[in-house]
Amino acid sequence: MANFAKPGGPRFSVDVYQNEYLPESGREVNAIVTVTASGGATPAGPSAPAAVVLMVDCSGSMDYPPTKLRNARDATAAAIDTLRDGTHFGIVDGTHVAREVYPGGGRLAVADPTTRAQAKQALRRLRAGGGTAIGTWLRLADRLLAGADVSIRHGILLTDGRNEHESAAELKDTLDACAGRFTCDARGVGTDWEVKEVTGVASALLGTADIVADPARLTEDFTRIMESTMGKEVADVALRVWTPVGTRIKFVKQVAPTVEELTDRRTEAGPRAGDYPTGSWGDESRDYHLCVEVPAAGLGQEMLAARVSLVAARPDKEAQNLGAQGLVRAVWTDDMAASTSLNSQVAHYTGQAELAQAIREGLDLRKAGDMDGATAKLGRAVQLAGVSGNADTAKLLAKVVDVVDAPTGTVRLKAKVAEADEMTLETRSTKTVRVKK
């Protein structure tokens with residue numbers, strides 16, 4: 001384990017959990033890399049300068065029922081009250097176009113008692129009408145955030161409907177353009193929005209996604225999001241993975257607190273090194289699964305399969321080494337007990353990733369009318385949730401299937417499933433439970 005304290009920020013540490021022993025023909029090395037940031041600023045102490053843009057869906061559907069938009073206004077006001085003094089912030093009204101609500105003029109306000117009061121007054125003028133083009137909201141947020149001289153740039157996006165006024169390709173282009181420039185939490189309110197659109201925004205912009213089925217719960221959710229945002233202290237942190245000649249990285253994925261594929265997000269960082277983005281950090285811990293293919297070697301030989309370090313790496317600035325480092329090793333042995341033992345961390349998170357995939361595939365098959373296939377996949381999900389101790393996911397699954405026998409994955413699809421229950425399961429399918437170390 002190695003750790004490093006960034007001046008004025010949290011101390012980062014890296015721990016590697018693996019079984020380094022391979023049989024004579026073994027070539028695949030798996031490791032769980034735990035990254036922890038701790039000991040950062042206290043609520044009364046200094047924090048990293050931050051900017052936040054809140055994007056509020058004001059399409060016509062937000063008026064059905066009228067309490068939905070009122071709940072959204074109240075939630076946004078609560079989030080504004082949670083802003084730390086000195087935080088740059090703005091509000092965007094999102095329909096088929098994006099419009100600045102506060103402060104206007106292509107700039108952000110700086111949070112203090114006066115600007116908070118002005119922003120909440122401006123919220124009262126929000127009215128529902130028009131369509132939905134989420135990409136336009138994100139592009140406006142990007143322009144506003146880019147103008148702030150801060151290290152933490154974050155968006156909060158709320159929608160209640162499908163992205164019907166721009167193509168999927170247009171939204172993807174926007175997400176590609178915004179990736180790495182700011183992070184974004186996305187929320188769907190009610191049950192008329194598209195899960196893959198909301199989770200896609202959060203995934204691309206390294207934020208969280210969730211459903212708020214009851215609009216009355218928005219204030220609680222927005223306050224929690226803003227509290228988390230205000231706790232971020234280091235932006236644009238990346239896992240830098242170096243591997244020696246002859247090796248190949250098969251995948252890198254975050255596995256806790258959610259499953260997030262990072263393999264295809266690699267940017268080159270010098271000879272045989274690449275950076276995998278992880279977003280902004282406060283006091284928190286996350287787990288990553290690294291799989292490396294190494295060249296075959298003889299018994300008794302050993303090698304460094306990978307070196308994992310942490311950097312703060314904005315595209316427009318030189319990367320700052322955060323000092324924390326972990327080593328992944330490979331040792332070839334004829335000890336069958338040693339080489340066939342699966343590390344408990346690796347086993348746990350392999351199951352968690354399979355659990356997330358089984359849920360997604362099961363729900364897709366159910367929607368497509370393949371009930372046998374859906375039953376098999378969701379039954380496997382129930383089995384995996386039980387083995388891993390993921391009680392929250394098990395409870396969500398029980399609202400979609402009748403569990404006959406959890407250990408064997410024997411289930412029956414429920415004849416009727418509330419739309420909110422199905423969407424909650426799909427939205428939260430990637431949330432994992434951490435293994436006890």
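Not measured: the values here are computed from a predicted model. FYI, side chains are in, hydrogens and waters are out, and symmetry mates aren't considered; it's all heavy atoms of this structure.
- At least one donor-acceptor pair closer than 3.5 Å links the side chain of Arg266 to the backbone N or O of Ala273.
- Looking at heavy atoms from C-beta onward, Arg143 lies in side-chain contact with Leu140 at the 4.5 angstrom threshold.
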Derivation of the salt bridge (Lys or Arg N to Asp or Glu O under 4.0 Å) call for Asp287 and Arg434: CA-CA 8 Å; Asp287 292 335; Arg434 301 192 76 176; 2.6 Å; yes
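- Listed by first and then second residue, the salt bridge (Lys or Arg N to Asp or Glu O under 4.0 Å) pairs involving residues 337-353 amount to none (not counting sequence neighbours).
- With hydrogens and angles left out, the side-chain atoms of Ser59 and Asp57 include a donor and acceptor closer than 3.5 Å.
- Separating the OH atom in Tyr276 from the CD atom in Glu261 is a distance of 10.0 Å, to the nearest 0.5 Å.
- Between Leu157 atom CG and Thr159 atom OG1 the span is 6.5 Å, to the nearest 0.5 Å.
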Side chain to side chain donor-acceptor pair (under 3.5 Å) assessment of Ser61 paired with Asp160: CA-CA 7 Å; Ser61 57; Asp160 82 323; 2.8 Å; yes
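- Side-chain contact between Thr350 and Asn30: absent, with no pair of heavy atoms (C-beta onward) separated by less than 4.5 Å.
- Going from atom OG1 of Thr427 over to atom NZ of Lys196 covers 9.5 Å, rounded to the nearest 0.5 Å.
- Between Thr36 and Ser285, the shortest heavy-atom distance links the atoms OG1-OG, 3.1 Å.
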Chi angles and distances behind the side chain to side chain donor-acceptor pair (under 3.5 Å) call for Ser388, Gln352: CA-CA 7 Å; Ser388 65; Gln352 293 282 281; 2.7 Å; yes
Residue pair Met303, Val294: steps toward the side chain to side chain contact (heavy atoms under 4.5 Å, CB included) verdict: CA-CA 9 Å; Met303 69 174 290; Val294 297; 4.0 Å; yes
Derivation and outcome, salt bridge (Lys or Arg N to Asp or Glu O under 4.0 Å), residues Glu170 and Arg139: CA-CA 11 Å; Glu170 288 174 316; Arg139 288 190 181 272; over 6 Å; no
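- Screening Arg217, Arg428, Arg224 for a salt bridge (charged side-chain N to carboxylate O under 4.0 Å, His left out) involving Asp210 leaves a single residue, Arg428.
- Closest of all the heavy-atom pairs between Pro277 and Leu206 is CB-CD1, 3.8 Å.
- Side chain of Gln18 to main chain of Val29: no donor-acceptor pair is present (N/O by atom type, distance under 3.5 Å, no hydrogens or angles).
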Audit row: Glu260, Lys253, salt bridge (Lys or Arg N to Asp or Glu O under 4.0 Å) steps and yes/no: CA-CA 6 Å; Glu260 191 64 60; Lys253 63 178 71 173; over 6 Å; no
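- Glu426 and Arg360 are not joined by a salt bridge, as no carboxylate oxygen comes within less than 4.0 angstrom of a charged side-chain nitrogen.
- Applying the 6.0 Å contact sphere to NZ of Lys395 captures no more than 12 heavy atoms from other residues, nucleotides or ligands.
- Note that OG1 of Thr410 is 12.5 Å distant from CG of Asp402, once rounded to the nearest 0.5 Å.
- Without hydrogens or angle criteria, Glu100 side chain to Ile91 main chain gives no donor-acceptor distance under 3.5 Å.
- Asp176 CG: more than 12 foreign heavy atoms inside a 6.0 Å radius.
- Within 6.0 Å of NZ in Lys377 there are 12 or fewer heavy atoms belonging to other residues, nucleotides or ligands.
- Ring centroid separation for the pair Phe251 and His289 comes in under the 6.0 Å cut-off.
- Screening Glu354, Glu361, Gln357 against Arg380 for a side-chain hydrogen bond (donor to acceptor under 3.5 Å, both in side chains) leaves a single residue, Glu354.
- Nearest heavy-atom pair, Lys399 versus Val417, reported as atom, atom and distance to 0.1 Å: O-CG1, 3.8 Å.
- The shortest side-chain heavy-atom distance between Val237 and Val311 does not fall under the 4.5 Å cut-off.
- Using a cutoff of 4.0 Å between basic side-chain nitrogens and carboxylate oxygens, Glu166 and Lys172 are not scored as salt-bridged.
- Between Met55 and Val53 there is a side-chain heavy-atom pair separated by less than 4.5 Å.
- Under the 3.5 Å distance criterion, the side-chain polar atoms of Thr263 are matched with a main-chain donor or acceptor of Val252.
- Val308 has its side chain within reach of Leu239: a pair of non-hydrogen atoms, C-beta onward, lies under 4.5 Å apart.
- Within the cation-pi definition used here (under 6.0 Å to the ring centroid, within 45° of the axis), Arg286 qualifies as a partner of Trp281.
- The distance from the CD1 atom of Ile134 to the NE2 atom of His165 is 12.0 Å, given to the nearest 0.5 Å.
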Worked verdict on Glu28 versus Lys250 for salt bridge (Lys or Arg N to Asp or Glu O under 4.0 Å): CA-CA 9 Å; Glu28 186 173 288; Lys250 296 189 73 171; 2.8 Å; yes
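- A salt bridge between Glu284 and Lys232 is present, with a side-chain N of the basic residue lying under 4.0 Å from a carboxylate O of the acidic one.
- Within a 6.0 Å sphere centred on CG of Asp372, other residues, nucleotides and ligands contribute 12 heavy atoms or fewer.
- Looking only at side-chain heavy atoms (C-beta outward), Cys178 and Leu205 come within less than 4.5 Å of each other.
- Using a 4.5 Å heavy-atom threshold, the side chains of Leu425 and Ile359 count as touching.
- Remark: side-chain polar atoms of Ser203 are not paired, donor with acceptor, to backbone N or O of Gly200 under 3.5 angstrom.
- A side chain to side chain donor-acceptor pair (under 3.5 Å) check over residues 86-97, counting only residues at least two apart or in different chains, returns the pairs Asp93-Arg99.
- Contact record, Ala37 with Gly282: CB-O, 3.1 Å, taken as the closest heavy-atom pair.
- Looking only at side-chain heavy atoms (C-beta outward), Thr219 and Thr223 come within less than 4.5 Å of each other.
- Annotation for Thr432 and Ala256: closest pair OG1-CA, 3.4 Å, computed over non-hydrogen atoms.
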Thr408 vs Asp405, side chain to side chain donor-acceptor pair (under 3.5 Å): CA-CA, chis, key distance, verdict: CA-CA 6 Å; Thr408 62; Asp405 185 61; 2.6 Å; yes
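- Atoms CG and CE, on Asp192 and Met423 in that order, are 7.5 Å from each other to the nearest 0.5 Å.
- The shortest heavy-atom contact between Arg240 and Ala319 is NH2-CB, 3.7 Å.
- Partners of Tyr288 according to the ring pair (Phe, Tyr, Trp, His ring centres under 6.0 Å) rule, which considers only residues two or more places apart in sequence or in another chain, do not exist here.
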Stepwise side chain to side chain donor-acceptor pair (under 3.5 Å) check, Thr208 with Asp185: CA-CA 5 Å; Thr208 65; Asp185 293 315; 2.7 Å; yes
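- Within the 3.5 Å criterion, the main-chain N or O of Trp242 finds no donor-acceptor partner in the side chain of Arg307.
- With hydrogens and angles disregarded, a donor-acceptor distance shorter than 3.5 Å links the side chain of Asn19 to the backbone of Ala338.
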